[in-house]
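Owing to the predicted nature of the structure, the values given are computational and were not obtained by experimental measurement. Residue numbers start from 1 in every chain, and the chains themselves are labelled A, B, ... in the order their sequence lines are given, proteins ahead of strands. Worth knowing before you read on, the calculation uses all heavy atoms, side chains too, and leaves out hydrogens, waters and symmetry mates.
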Number of protein chains: 2
Amino acid sequence: MGRPRSHQATQVAAAQGRIRAAGERLTAPRAAVLAVLLASDTALTHHEVAQSLRTGTPVDRVTVYRVLDWLVGLALAHRIPGEDRTWRFRANRDSAHGPHAHFTCSSCGRTVCLEDVAVPPRVRLPRGFRPQKVELTVQGLCAACH
Amino acid sequence: MGRPRSHQATQVAAAQGRIRAAGERLTAPRAAVLAVLLASDTALTHHEVAQSLRTGTPVDRVTVYRVLDWLVGLALAHRIPGEDRTWRFRANRDSAHGPHAHFTCSSCGRTVCLEDVAVPPRVRLPRGFRPQKVELTVQGLCAACH
DNA sequence: GTCTTTGCGCAACCGAATTGCATCTGCCGC
DNA sequence: GCGGCAGATGCAATTCGGTTGCGCAAAGAC
Ligand SMILES: [Mn+2]
Ligand SMILES: [Mn+2]
Ligand SMILES: [Zn+2]
Ligand SMILES: [Zn+2]
């Protein structure tokens, strides 16, 4: 299901380029993890990432966690909180991508970015409250599970 | 900090009334948990609820979980997903309360309902996607942590 | 008061994520 | 190319929020 395994392999070079461009230390786990994210059209859990790496470049689960965090810190990926209390990760494609909504299928768990749905720019808060981040999440059934 | 302990005690009668009105079996843990929620002006984690019950009516943690779920099922409370992967719970005050946004302080963790901020009623989804629930969460600093 | 149904407490369990620490390795300076 | 060192990895153990199974207790119907 999904695209051929080769797609992920072709993303390794792209991943290496991005890591180098960020002026960061290039390692096999980092390139491999980022390549997995780049090859996916849905946001992935750490578990799904580790699974994808089983064949080819096995990476310790802890390292997967650390690399994902590191990617988020560098803004090479973003982290999406899930109703099931697991983070999901997606590579940031274009550098000019703003905060957007997310959709999670309550049946299959697939999470996709709704890139064209911006989060409400202004929310009325109580006096003295200062906003930092706004999260807009839609739960429902995806086209496949419909 | 917060209001006097007595406030929680005064809510026990109110809690009993609500449970009876729902036609459900009345037990000490149920009334105690709901009373804690009613006495709080912020949404509480299961841990905070259990903590509140330590003195007075100690309730097993599993029972707290089950009662909270049960309250949500009866629509006597609602559950708020948190960035820190813990649910928070708040009693439903007025019967006519719709879906609303929530605010979580990234410093002290306090979560409040933004009752007057409605979630976006319509979100543009990909073809074949069917929405079920929309969650709007703001993270930032509350007045106390500002 | 008895009976049945349902909730409670306890202990064990689970999965996601984190931490501590020893070892390894990019990559900078030479 | 060749150290050397800061920083990344792997492994084991741990934390933490939440769940499950089951025997016992008690609510409330009669
Ligand atoms: Mn996204
Ligand atoms: Mn609320
Ligand atoms: Zn689906
Ligand atoms: Zn605060």
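Mapping B:His47 and B:Ala28 onto DNA chain D by nearest heavy atom places B:His47 closer to the 5' end of the strand. For A:Arg61 and B:Trp87, each mapped to the nucleotide of DNA chain D holding its nearest heavy atom, the one lying further toward the 5' end belongs to A:Arg61. When each of B:Asp60 and A:Asp84 is assigned the nucleotide of DNA chain C bearing its nearest heavy atom, the one mapping closer to the 5' terminus is B:Asp60.
Nucleotide D:dA8 holds its P atom 16 Å from the CG atom of A:Leu34, rounded to whole Å. Nucleotide D:dT19 holds its P atom 7 Å from the OH atom of B:Tyr65, rounded to whole Å. Remark: P of D:dG17 and CZ of B:Arg88 are 10 Å apart, rounded to the nearest angstrom. A:Leu68 has its CG atom 14 Å from the C1' atom of C:dT18, to the nearest Å. To the nearest angstrom, C1' of C:dA16 lies 13 Å from CG of A:Asp69. Spacing between atom CG of B:Leu26 and atom C1' of C:dT5 amounts to 16 Å, rounded to whole angstrom units. Taking atom CD1 of B:Ile19 as the reference point, atom P of C:dT6 lies 17 Å away to the nearest angstrom. In this structure, A:Arg25 places its CZ atom 12 Å from C1' of D:dG4, rounding to the nearest Å.
Checking the phosphate oxygens (OP1, OP2) of C:dT25, no side-chain nitrogen or oxygen of A:Thr27 falls inside 4.0 Å. Considering only side-chain N and O atoms, B:Thr63 lies under 4.0 angstrom from the phosphate OP1 or OP2 of C:dG9. Taking side-chain N and O atoms only, A:Arg20 has a distance below 4.0 Å to OP1 or OP2 of C:dC27.
Although no hydrogens or angles enter the test, the distance criterion places no donor-acceptor pair under 3.5 Å between the side chain of B:Arg88 and the main chain of B:Thr42. Between the side chain of A:Gln11 and the backbone N or O of A:Gln8 there is no donor-acceptor pair closer than 3.5 Å.
Using a 4.5 Å heavy-atom threshold, the side chains of B:Leu44 and B:Val36 count as touching.
Using a 4.0 Å heavy-atom distance criterion, A:Trp70 is classed as making no nucleic acid contact. Within the 4.0 angstrom heavy-atom criterion, only backbone atoms of the sugar-phosphate kind lie near B:Arg30; the bases stay farther away. Using a 4.0 Å heavy-atom cutoff across all strands shown, B:His46 reaches sugar-phosphate atoms only and no base atom.
Heavy atoms of other residues, nucleotides or ligands lying less than 6.0 angstrom from NE2 of A:His47 number 12 at most.
In the interface, the side chain of A:Arg66 is paired with the base of D:dG10 through a donor and an acceptor atom under 3.5 Å apart. For D:dG17, its base never sits under 3.5 Å from the side chain of A:Arg85 at any donor and acceptor pair.
The aromatic rings of B:Tyr65 and B:His46 sit parallel, their planes meeting at an angle under 30°, below the 60° perpendicular limit.
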